[in-house]
Colleague: 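Mind having a look at this structure? Questions to follow.
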Amino acid sequence: MSDTRKPFPFDEFEPRWQSRWDSEKTFRTPNPGEEGFDASKPKYYVLDMFPYPSGAGLHVGHPEGYTATDIIGRYKRMKGFNVLHPMGYDSFGLPAEQYAIKTGQHPAVTTAANIENFRRQLKSLGFAYDWEREIATTDPEYVRWTQWIFLQLYSSYFCEETNKAKPVAELEAKGWSRDEIDNVRLAYVADTPVWWSPDLGTVLANEEVEEWKGKGHTVERRPLRQWMLRITKYAQRLIDELDTLDWPEGIKLLQKNWIGRSEGAEVIFAIGGKSVTVFTTRPDTLFGATYMVLAPEHPYVSEITTEDNKDAVEAYKKACSAKSDLDRTDLNKDKSGVFTGAYATNPVNGEEIPVWIADYVMMGYGTGAIMAVPAHDVRDFEFAQKYDLPVLQVVQPTDDSDWQGYTAPGTAINSGFLDGMPTKKAKGAIIHWLVENQKGERKIQFKLRDWLFSRQRYWGEPFPITWKDGKHYALPDSELPLLAPPLEDYKPSGTPDPLLSKARDWVELPDGVTRETNTMPQWAGSCWYYLRYCDNSNSERFISEAAEDYWTNEKPGMVDLYVGGTEHAVLHLLYARFWHKVLFDLGHVRTPEPFQKLVNQGLILGEDGQKMSKSRGNVVNPDDVVKEYGADSLRLYEMFMGPLEQVKPWQMKGVEGVSRFLARVWRLAITDEGNVSEKITDTQCTDKELLRVVHETIKKVGEDIEKLSFNTAISQMMICTNAFTQAGTVPRKEFTQFLTILNPFAPHIAEEIHRLIGGTELLSEMEWPAYDEQALVRTECELVVQVNGKLRDRIWISMTASEDEAKELAFASDKVKEHIDGKTIRKVIYVPGKIMNLVAN
RNA sequence: GGCGGCUUGGCGGAAUGGUAGACGCGCUCGACUCAAAAUCGAGUUCCAAAAGAGUGUGGGUUCGAGUCCCACAGCCGCUACCA
């Protein structure tokens, strides 16, 4: 398409409408007590996952979710809701800092430029955000409250009796010592092995390691002093309360698996004078333990290893620590291990079993030690085969499966007092025995680890913490926000010292007090941004009680609808739930969950069906699409591609298709010369069929929006447009109704046509039209006649025809006669208005 | 290996257990045009057509299955020795 011949002048009217909505604050959302607030309106909070403002700008994946929420938001407004639909920027993060290292440009400068570009792009798509509520996580006022919430975590502990967070002040009052309190804070300091990257100059979370390694950075394992958040205390609640949310089952399952609850037992084995505890989910197989394995990093390894085996064990440990940086996947194909020379005593039968170390046992899960039951665990079995260790059957399969490597439940054998018990009962019995004899206990184990919360970066929130004599202290609220000092040099020092430690003037305070120099991870800001939108200019509180009360729900989740990509299924969505629960426990918010309904938009692939990436050269830039076809076409296309949640490939031809549709709508009302078409009529519409299509469209589009089924809503609007075209005349009233329902999808063109044909009100401020049931009624319909389930004829018949009348007409059909001739009708199924099936033989 | 998702024309996709392929793209033909583009109209699952076949494969339930049940295969995503 050439620039000179556009099918409709979107390049002129789209920016014009955008600036009008902006200057008139059309989509401003009043809070209680503010001008324009109407207490009679119900509230609706629809939220997008805010973007990281990268230098590359928006990609086409962003407008997918954003258009979906925009349609919902505009629709709900027209339905009479007070809609909160905000936007902001997750603007801390490593790329801005990497850029600063390369160019010396302060991250604040590049971030501001990127935000400006994102804002321009978002505005060019005509989203109905309340721009006065815009936030960026890097804003000092925002940082202030992020730090404040951190201090809430710091000043709280998890009370096991009530299963809730409580202020540590309560413990102080009870006379707990400083050290005891430090041991239970929800934010605490620990020496822990972490992934540290010398060239990035920071530690990385487990889940970030692969990403940055892929970009060529090196990563190594090191024990370092770090801030941790005690999310593990919430593991059970984070699982249980998923049930109260309207989330896709797949995402719930992902979170459950990530938290990874396992029920089992801890069993104490004696090794010489020491005792080693193992965790097992199959305590019923204790009699079948033929050896024990410790993780190579297990603290007891050196002590128990005998002289003869020392060299081999040390060599193995060394090999493992070097290996830990390599891709484990490849190494794990083949199990390896070394005998320590020590023996452990099985508490249940006194058997002496050899103790090995092997890297298939992880220090980070359970106790870092296992009892190996090769007969009924595939990993132990594999290991036993390789090193020729005994395999003892203790479970009899319920079917004729081979007992070797049989892991399903069965019946206990060779297990003393457990013999004959089914697995489930045997588990209970052995745990009872372990407790009685003080050799172990029932144990619920989670995969979830405490959250490694500190980074050594520059571009993140500094911790509002000071140190004196080896103890940490909270900064008073009055000193928030604590902002990072400007630095000349952002280059990593090559040591694990945080970048901020270079700013000596900032770090060193009087009286031997120093500042904490770690910063928070990028997740911190996104953990609570949805709360700040409700009351973003409040300087007294992170959110006022009144705003929180108004925008919250009767339901457990505060936000009514949250739309974003699956990539955040576990991390962001789990972290935000955790923070919200702490704030809930402490009485700062009144719902236990942040997001009631969650929808994941599907990935948009390139035209080649592959993931979009620079290296493949299949990236579509939304700016280019807007320039060529306009914002409405981009919005409409992204919604027409297919179901929101589905993965789907981009097709530029498809954009052209929806653009043609909008052009047809335009031409219904506007002539080539730009005048109002003579087809627009002011008389009442007498065309029953046209009326029926219009009202069917109003009905279906409304229902489809509620279901987030935008592609079918658009196809119905296309049908309606075709009906207008065919009718030859366009009754103003019905056409205006059509424009009103088109408006949430393609707001610029809808408003412009409406204005041109003489509309004075903004469509965006009109009510969603009601459909007329009467107009939908059909008197006649096509009835499908089947013989033995096969379509044989269609007959026109009254909607209210009785079965006998229908049968009579059906039997009169030659095509039907042909197939029932000489046969007996055994059965007749009649679904009025749909189908008649004659069963004959 | 585990978990999840997907599988319907040439393509994107529609189908409360009731006419498979709505809507759109592409393609074919026609109109308009000196011509092209744009636009408008007709057609388009397969087979030359009648008959028939047809929603990844094989079974089952049902008067009737893309849809429900069982088994299997392929593709995509996430995760990874979780004891």
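We name chains A, B, ... by the order of the sequence lines, and we start the count at 1 in each one. We use all heavy atoms of the structure for the numbers below, so side chains are in, but hydrogens, waters and symmetry mates are not.
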Colleague: For the residue pair A:Gln786 and A:Arg792, confirm or rule out a side-chain donor-acceptor distance under 3.5 Å.
Modeller: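 No donor-acceptor contact under 3.5 Å links the two side chains.
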
Colleague: Answer yes or no: side-chain N or O of A:Lys653 and base N or O of B:C11 forming a donor-acceptor pair under 3.5 Å.
Modeller: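 Result: no qualifying N/O pair found.
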
Colleague: Minimum heavy-atom separation for A:Ala295 to A:Val301, with atom names?
Modeller: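 For A:Ala295 versus A:Val301, the nearest heavy atoms are O-CG2, 3.6 Å.
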
Colleague: Using the C1' atom on both, measure B:G52 against B:C75 and round to a whole Å.
Modeller: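 Result for the C1' pair: 32 Å, nearest Å.
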
Colleague: Ignoring hydrogens and angles, tell me if any N or O in the side chain of A:Thr340 forms a donor-acceptor pair with the backbone of A:Val355 under 3.5 Å.
Modeller: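 Such a contact is found between A:Thr340 side chain and A:Val355 backbone.
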
Colleague: Under 4.0 Å from OP1 or OP2 of B:C78: is there any side-chain N or O of A:Lys611 that close?
Modeller: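 So the side chain of A:Lys611 is within the cut-off, an N or O lying under 4.0 Å from OP1 or OP2 of B:C78.
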
Colleague: Given Watson-Crick or G-U pairs with both distances under 3.5 Å, what dot-bracket string fits RNA chain B, with | for other-strand pairs and [ ] for crossing?
Modeller: (((((((..(((.....[....)))((((((.......))))))((.....))..(((((..]....))))))))))))....

Colleague: Does the ring of A:Tyr360 carry A:Lys335 above it, NZ/CZ under 6.0 angstrom from centre and within 45° of its axis?
Modeller: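 Relative to the ring axis of A:Tyr360, which defines the angle, A:Lys335 lies inside both limits.
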
Colleague: Let me know, please, whether A:Thr712 or A:Lys790 comes out on the 5' side of the other along RNA chain B by nearest nucleotide.
Modeller: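 Result of the comparison: A:Thr712.
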
Colleague: Give a yes/no answer on whether the side chain of A:Thr725 brings an N or O atom under 4.0 Å of OP1 or OP2 in B:C40.
Modeller: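 Answer is no, no contact under 4.0 Å.
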
Colleague: With no hydrogens and no angle check, do the side chains of A:Thr712 and A:Ser715 hold a donor and an acceptor under 3.5 Å apart?
Modeller: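 No, no side-chain donor-acceptor pair sits under 3.5 Å.
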
Colleague: Kindly indicate, with the supporting measurements, whether the criterion salt bridge (charged side-chain N to carboxylate O under 4.0 Å, His left out) is fulfilled by A:Lys699 and A:Glu703.
Modeller: CA-CA 6 Å; A:Lys699 179 166 189 263; A:Glu703 287 169 355; 3.6 Å; yes

Colleague: Which whole-number value in Å describes the distance from A:Gln610 CD to B:C75 P?
Modeller: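 My rounded result for the distance is 13 Å.
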
Colleague: Without decimals, in angstroms, what is the distance between A:His298 NE2 and B:A83 P?
Modeller: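 Computing the A:His298:NE2 to B:A83:P distance gives 17 Å.
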
Colleague: Taking the P atom in each of B:G10 and B:U79, what is the distance between them to the nearest angstrom?
Modeller: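 Pairwise P distance, B:G10 against B:U79, rounds to 36 Å.
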
Colleague: Suppose we screen for salt bridge (Lys or Arg N to Asp or Glu O under 4.0 Å). Which residues come up paired with A:Lys707, at least two apart in sequence or across chains?
Modeller: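 Salt bridge (Lys or Arg N to Asp or Glu O under 4.0 Å) list for A:Lys707, sorted by chain: A:Asp704.
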
Colleague: Taking only the side-chain nitrogens and oxygens of A:Lys827, find out if one of them lies under 4.0 Å from OP1 or OP2 of B:C63.
Modeller: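 The answer is yes; a side-chain N or O of A:Lys827 sits under 4.0 Å from OP1 or OP2.
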
Colleague: Mind checking the CE-NE2 spacing from A:Met612 to A:His59? Nearest 0.5 Å is all I need.
Modeller: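 Result: 9.0 Å between the selected atoms.
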
Colleague: Check the distance between B:C11's P and A:Met641's CE and give it to me in whole angstrom.
Modeller: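 Distance check: A:Met641 CE to B:C11 P gives 16 Å.
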
Colleague: Looking only at the side chain of A:Arg792 (C-beta and beyond, no hydrogens), which of the listed nucleotides B:G52, B:C3, B:G18 gets closest?
Modeller: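 Nucleotide nearest to A:Arg792's side chain: B:G52.
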
Colleague: For A:Val658 and A:Gln726, take the nucleotide of RNA chain B holding the closest heavy atom to each; which residue's nucleotide lies nearer the 5' end?
Modeller: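 Taking each residue's closest nucleotide, the earlier one in sequence belongs to A:Val658.
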
Colleague: Looking only at side-chain atoms of A:Pro643, point me to the closest of B:G12, B:G41, B:G13.
Modeller: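 Closest nucleotide to the A:Pro643 side chain: B:G13.
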
Colleague: What contact category does A:Ile829 fall into here, base, sugar-phosphate, or nothing, at under 4.0 angstrom with non-hydrogen atoms?
Modeller: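 The residue A:Ile829 makes base contact.
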
Colleague: Between A:Lys648 (NZ) and B:A14 (C1'), how many Å, whole number?
Modeller: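 The distance from NZ of A:Lys648 to C1' of B:A14 comes to 15 Å, rounded to the nearest Å.
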
Colleague: For a quick check of understanding: with a heavy-atom distance under 4.0 Å over all strands, which category does A:Lys447 fall into, base, sugar-phosphate or nothing?
Modeller: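 Answer is base: heavy atoms of A:Lys447 come under 4.0 Å of a base.
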
Colleague: Under a 90° cut-off about 0 for the syn range, is B:G9 syn or anti?
Modeller: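 Judged by the O4'-C1' to base torsion, B:G9 sits in syn, the angle falling within 90° of 0.
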
Colleague: For A:Glu297 and B:C81, what is the distance between atoms CD and C1' respectively, to the nearest whole Å?
Modeller: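 So the CD-C1' distance, A:Glu297 to B:C81, works out to 13 Å.
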
Colleague: Apply ring-ring contact (aromatic ring centres under 6.0 Å, His included) to A:Phe383 and A:Tyr291, showing your working.
Modeller: CA-CA 10 Å; A:Phe383 193 79; A:Tyr291 62 102; 5.7 Å; yes

Colleague: Taking the same atom, P, in B:G60 and in B:U16, what whole-Å distance lies between them?
Modeller: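 Nearest-Å result for B:G60 against B:U16 at atom P: 26 Å.
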
Colleague: Within the structure shown, what part of the strands sits under 4.0 Å from A:Gly657 by heavy-atom distance: base, sugar-phosphate, or nothing?
Modeller: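 Sugar-phosphate, no base atom in range.
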
Colleague: Atom CH2 of A:Trp356 and atom C1' of B:C81: how far apart are they, to the nearest Å?
Modeller: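 About 17 Å, once rounded to whole Å.
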
Colleague: For nucleotides 66-74 of chain B, read 5' to 3', which letter fits each nucleotide if B means a protein heavy atom sits under 4.0 Å from the base, S means only the sugar-phosphate is that close, and - means neither?
Modeller: ---------

Colleague: How long is the line joining CZ of A:Arg664 and P of B:C40, in whole Å?
Modeller: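 It works out to 6 Å between those atoms.
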
Colleague: If you only use heavy atoms from C-beta on, which nucleotide in B:C63, B:G13, B:C81 is closest to the side chain of A:Asn837?
Modeller: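 For A:Asn837, the side-chain atoms sit closest to B:C63.
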
Colleague: Find the distance A:Lys700:NZ to B:C23:C1' and express it as a whole number of Å.
Modeller: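 Spelled out: NZ on A:Lys700 to C1' on B:C23 is 10 Å.
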
Colleague: Does a side-chain N or O of A:Asn711 approach OP1 or OP2 of B:A22 to a distance below 4.0 Å, or not?
Modeller: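 So the side chain of A:Asn711 is outside the cut-off, no N or O lying under 4.0 Å from OP1 or OP2 of B:A22.
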
Colleague: With heavy atoms under 4.0 Å as the rule, sort A:Val828 into base, sugar-phosphate or nothing.
Modeller: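 Touches nothing.
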
Colleague: Would you say B:A38 has OP1 or OP2 under 4.0 Å from some side-chain N or O of A:Arg660?
Modeller: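 No, A:Arg660 has no side-chain N/O under 4.0 Å of OP1/OP2 on B:A38.
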
Colleague: Given the C1' atoms of B:G9 and B:U44, what is the spacing between them in whole Å?
Modeller: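 B:G9 and B:U44 have their C1' atoms separated by 10 Å.
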
Colleague: Kindly point out which of B:C63, B:C23, B:A83 is positioned nearest to the side chain of A:Thr280?
Modeller: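 When the side chain of A:Thr280 is considered, B:A83 is the closest of B:C63, B:C23, B:A83.
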
Colleague: Could you tell me whether the side chains of A:Thr697 and A:Gln716 share a donor-acceptor contact shorter than 3.5 Å?
Modeller: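 Yes, A:Gln716 and A:Thr697 have a side-chain donor paired with an acceptor closer than 3.5 Å.
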
Colleague: Classify the nucleic acid contact of A:Asp380 as base, sugar-phosphate or nothing, counting any heavy atom under 4.0 Å across all strands shown.
Modeller: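 Here A:Asp380 touches no strand at all.
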
Colleague: Which nucleotide in the set B:C81, B:C3, B:G12 lies at the smallest distance from any side-chain heavy atom of A:Gln651?
Modeller: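 Out of B:C81, B:C3, B:G12, the nucleotide with an atom closest to A:Gln651's side chain is B:G12.
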
Colleague: Heavy atoms from C-beta onward define the side chain here; which of B:U16, B:C23, B:U39 lies closest to that of A:Arg667?
Modeller: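 Selected nucleotide: B:U39.
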
Colleague: I would like to know whether A:Arg261 and A:Glu263 meet salt bridge (charged side-chain N to carboxylate O under 4.0 Å, His left out); could you show each step before the answer?
Modeller: CA-CA 7 Å; A:Arg261 183 183 198 271; A:Glu263 286 182 26; 2.6 Å; yes

Colleague: Heavy atoms from C-beta onward define the side chain here; which of B:A83, B:G77, B:G26 lies closest to that of A:Asp377?
Modeller: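 Closest nucleotide to the A:Asp377 side chain: B:A83.
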
Colleague: Looking at A:Gln646, does any N or O in its side chain come under 4.0 Å of the phosphate oxygens OP1/OP2 on B:G13?
Modeller: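 For B:G13, OP1 or OP2 has a side-chain N or O of A:Gln646 closer than 4.0 Å.
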
Colleague: Quick one: does A:Tyr406's side chain have a donor or acceptor within less than 3.5 Å of a partner on A:Pro409's backbone?
Modeller: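 The answer is yes, because a donor-acceptor pair under 3.5 Å joins these two groups.
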
Colleague: Using atom C1' of each nucleotide, how far apart are B:C46 and B:U8 to the nearest Å?
Modeller: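 It comes out at 14 Å once rounded to the nearest Å.
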
